[in-house]
Amino acid sequence: MIDNLPFLVVAITILLGLYTLLFRKDLIKMIMGISLIEAGVNLFLIALGYRWESIAPIFTGAPSLAMVMPTVQALTLTSIVIGVATLALLLSMVMIIYRHYHTTDVREVTKLQG
Amino acid sequence: MDIILDNLPGLLIAIPLLGAFLTPLVSRAGDAARNIWVLLTVALTSLCGLLIASRVLETGTIVYTFGVQHLSEIIPPDSGGIPIRIIFTIDPLSAFMLIIASIVSFCIILYSLSSMEKLSGKDGFFTLLLLLIAGVYGMIATGDLFNFFVFLEISSLAGAALVAYRIDKGVAAEAGLKYAALSTLGGLLFLVAIGFLYVQYNSLNMAVIASRMNLTGLDIIAFVLFFTALAMKCGAVPMHFWTPDSYAMAPSAVTAFLVVSSQASLYALFRVCFTLYGGQINPLTVGWVMIILGVLSMFIGVTMAIPQKDVKRLMAYHAVSQTGYMLLGVGVGLAALSSTCMFNSVGMTALKGGLFHIMNHALYKGLLFLTAGVIMYRCGTRNLNQLGGLGHNMKWTMVFFMIGALAIAGIPPFNGFASKLLIYESTFLFNPLLAVIAMVVSILTLASFVKVFHSMFMGPKLPEYEDVKEAPAPMLIAMAILAILVILFGIFPQTVIDTLVAPAATALIDYHGYAAAVLGAQS
């Protein structure tokens, strides 16, 4: 049971993010939803990287040479960096939209239709 | 010389990335210097792409590993048979996509040198455009799932920023936001699916995963996630809503390349279905899902296109509709894999048709978007109701538009006909109803483009466009390259099919060959 706790947290975070993305009408809050999903996915990747009864790949004073390959940790770092870039881009677009439309309500940001 | 030739796949990514980030620096020396720099960068990249493609078609799949000297070191001896480095795997299918990206990227850069001339913010524009190109090349060339995700994000971020580049009273930012949000969501779905595969197979390399795949429950969930994310990114109905917005609001040259970037996602979708899950998924089920998506995209795309008044929005809906043809062709090919006899009679032709249509679509759709860009550049509007009589002054643009329009409607002797004929023939044998729908959609496409042609170019000269001029030379050259290729591919389709499309289709179904190219290199 305790092994699966991280995945439970992952599921809750992603579902909360999806809920926010789908049911909130404010652009900033929707982007918060995307950010929550991103956090959930990152946590998911990190949780996958943990293997029971194994050691971290730090060579100094390691008891044995069988170590866990730190691939997912590297992935998570990359994914966090990409996430920051995406977040900045999304928020800057919302800023521009607010400057021109004077609102961040999705129901009113609808000049492109049909 | 050999060292350059051996490292071409690395250069394919390195040159545009380096070129992109040096662009703002070079432009300190003036506009002319920057233009030469950007053109040189993209010309070198396209040359790399074409060289790699020709080598692949000559000698077979190229496996390029970053950071090793000898091919034998691709899989380190102490890693338990897992390649831990980033590997580019370029098989004939990737080579096929590389050719498309090379041609279109060169044309759009040439075009935008001229179309951006009077506008501000050119440094950022060309930096982003080169980044977009690098991202698309990476998506095509890579053989590593996570690496694919990174390049997918590079191309989506650069694409979204370019869509919103001309803020246009906030409307372009709205389109860009939609594109960025959707791409991010798609990317995250993709990442979760990668996690599912990594935890079972301990690897990120597509060849390793493909050879170890045994379709557990988690794999099926991962497959659904991959499929959804990539179908979203390639703009298939019902996930198409971002396409008209972003294609219409992006600068025309960018739109022409966004089409290629959607097709790179389409390529990845085929790669996932045929190679990553090759021989494991039920071809009939997945094939039919693809066919249904394709038919929906075809039909809804074209019916939405007919009432549009904005010429680029109209063309964007046609892009959705044409994506449907590719999905239909390849879907029939996949469904036919369920029986050898059916595959030999129907499947191969359908696959060839679907893949050939990708290339043709990139060429004629690029051409059409570029002509729309010329109209926008010279007349300042995209509204069909305000345009008219442009044929008197813009003769070349009119000819290029005509070539593109006839090609998209599938009229011989243009390239759209060649690939659509293959799709009709094979789908008719598979299920006659599908072929009928495909033909009806073609007729509707023709009708829609006749309307556009008439309202833009025909009729008397309008007073406000009395002395509108022909497009500048670089724009005309860029369009001419695409137009000539559209005609050549239409007149000699068999040559193109034999040299490019058939190897790509064979590589697509040969998942053992893909895995062996990477894993077999160690012995």
Side-chain angles (χ1 to χ4, degrees), chain A residues 7 10 14 17-18 21 27 30-31 33-51 65-66 68-72 74-76 78-79 81-83 85-104 106 109-114, chain B residues 78-80 82 84 145-147 149-150 152-154 156-158 160-161 163-164 167-185 187-200 202-204 241-242 244-246 248-249 304 307-310 313 317:
Chain A
F7 297 108
V10 166
I14 292 184
L18 271 180
L21 184 62
L27 282 177
M30 288 170 78
I31 291 172
I34 292 181
S35 192
L36 266 179
I37 300 176
E38 217 167 78
V41 175
N42 288 340
L43 188 61
F44 174 62
L45 289 180
I46 278 290
L48 292 180
Y50 188 82
R51 304 283 158 106
L65 277 177
V68 183
M69 208 155 52
T71 318
V72 267
L75 302 194
T76 315
T78 318
S79 153
V81 173
I82 292 174
T86 322
L87 200 62
L89 184 73
L90 287 170
L91 286 176
S92 60
M93 283 173 180
V94 174
M95 261 174 60
I96 294 171
I97 288 176
Y98 183 74
R99 204 173 291 158
H100 290 272
Y101 292 25
H102 304 292
T103 176
T104 52
V106 260
V109 184
T110 51
K111 284 201 186 159
L112 286 165
Q113 271 183 340
Chain B
D78 54 351
S79 74
I82 299 172
I84 52 172
L145 279 176
F146 188 73
N147 205 233
F149 166 76
V150 172
L152 181 75
E153 289 290 325
I154 291 178
S156 326
L157 282 179
V163 168
I167 291 166
D168 207 2
K169 302 193 189 74
V171 185
E174 191 187 327
L177 183 68
K178 263 185 207 171
Y179 185 49
L182 186 118
S183 313
T184 313
L185 195 61
L188 290 173
L189 291 181
F190 198 88
L191 197 53
V192 174
I194 293 174
F196 279 136
L197 292 187
Y198 179 79
V199 73
Q200 298 179 77
N202 293 320
S203 178
L204 293 167
F241 48 85
W242 61 273
D245 294 351
S246 44
M249 294 319 295
M304 289 298 287
Q308 297 301 322
K309 289 185 187 66
D310 177 336
R313 211 175 162 79
Y317 272 116

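Everything numeric here is computed off the predicted structure, so don't read it as measured data.
A:Ser35 places no side-chain N or O within donor-acceptor distance of the main-chain N or O of A:Ile31, the cut-off being under 3.5 Å. Here the side chain of A:Thr78 pairs a donor or acceptor atom with the backbone of A:Ala74 at under 3.5 angstrom.
Side-chain contact between B:Phe241 and B:Leu182: present, with at least one pair of heavy atoms (C-beta onward) separated by less than 4.5 Å. Residues A:Thr104 and A:Val109 form no side-chain contact, since every pair of their non-hydrogen atoms from C-beta on lies 4.5 Å or further apart. Counting heavy atoms from C-beta on, the side chains of B:Leu191 and A:Ser79 come closer than 4.5 Å.
Within the 4.5 angstrom heavy-atom criterion, atoms from both the backbone and the side chain of B:Leu177 approach chain A. Interface remark: A:Leu45 contributes side-chain atoms only to the contact with chain B (heavy atom separation under 4.5 Å). Looking at B:Phe196, the atoms closer than 4.5 Å to chain A (heavy atoms on both sides) sit in the backbone and in the side chain alike. Heavy atoms of B:Ala160 lying under 4.5 Å from chain A belong to its backbone as well as its side chain. For chain B, the nearby part of A:Leu89 is the side chain; its heavy atoms alone come within less than 4.5 Å. Contacts of B:Phe149 with chain A are made by side-chain atoms alone, with heavy-atom separations under 4.5 Å and no backbone atom involved. Only the side chain of B:Leu185 comes within contact range of chain A, with at least one heavy atom under 4.5 Å from a heavy atom of that chain. If you measure heavy-atom distances from B:Leu204 to chain A, the contacts under 4.5 Å come from the side chain alone. For chain A, the nearby parts of B:Glu174 are the backbone and the side chain; heavy atoms of each come within less than 4.5 Å.
The most heavy-atom pairs under 4.5 Å with chain B, out of A:Leu75, A:Ile34, A:Ile96, come from A:Leu75. In terms of non-hydrogen atom pairs under 4.5 Å with chain A, the most contact-rich of B:Ile154, B:Val171, B:Asp310 is B:Val171.
Considering CD1 of B:Ile194 and CG of B:Leu197, their distance stands at 8.0 Å, rounded to 0.5 Å. In this structure, the separation between CZ on A:Arg99 and CD1 on A:Ile97 is 11.5 Å, given to the nearest 0.5 Å. Atom OG1 of B:Thr184 and atom CG of A:Leu90 lie 5.0 Å apart (nearest 0.5 Å).
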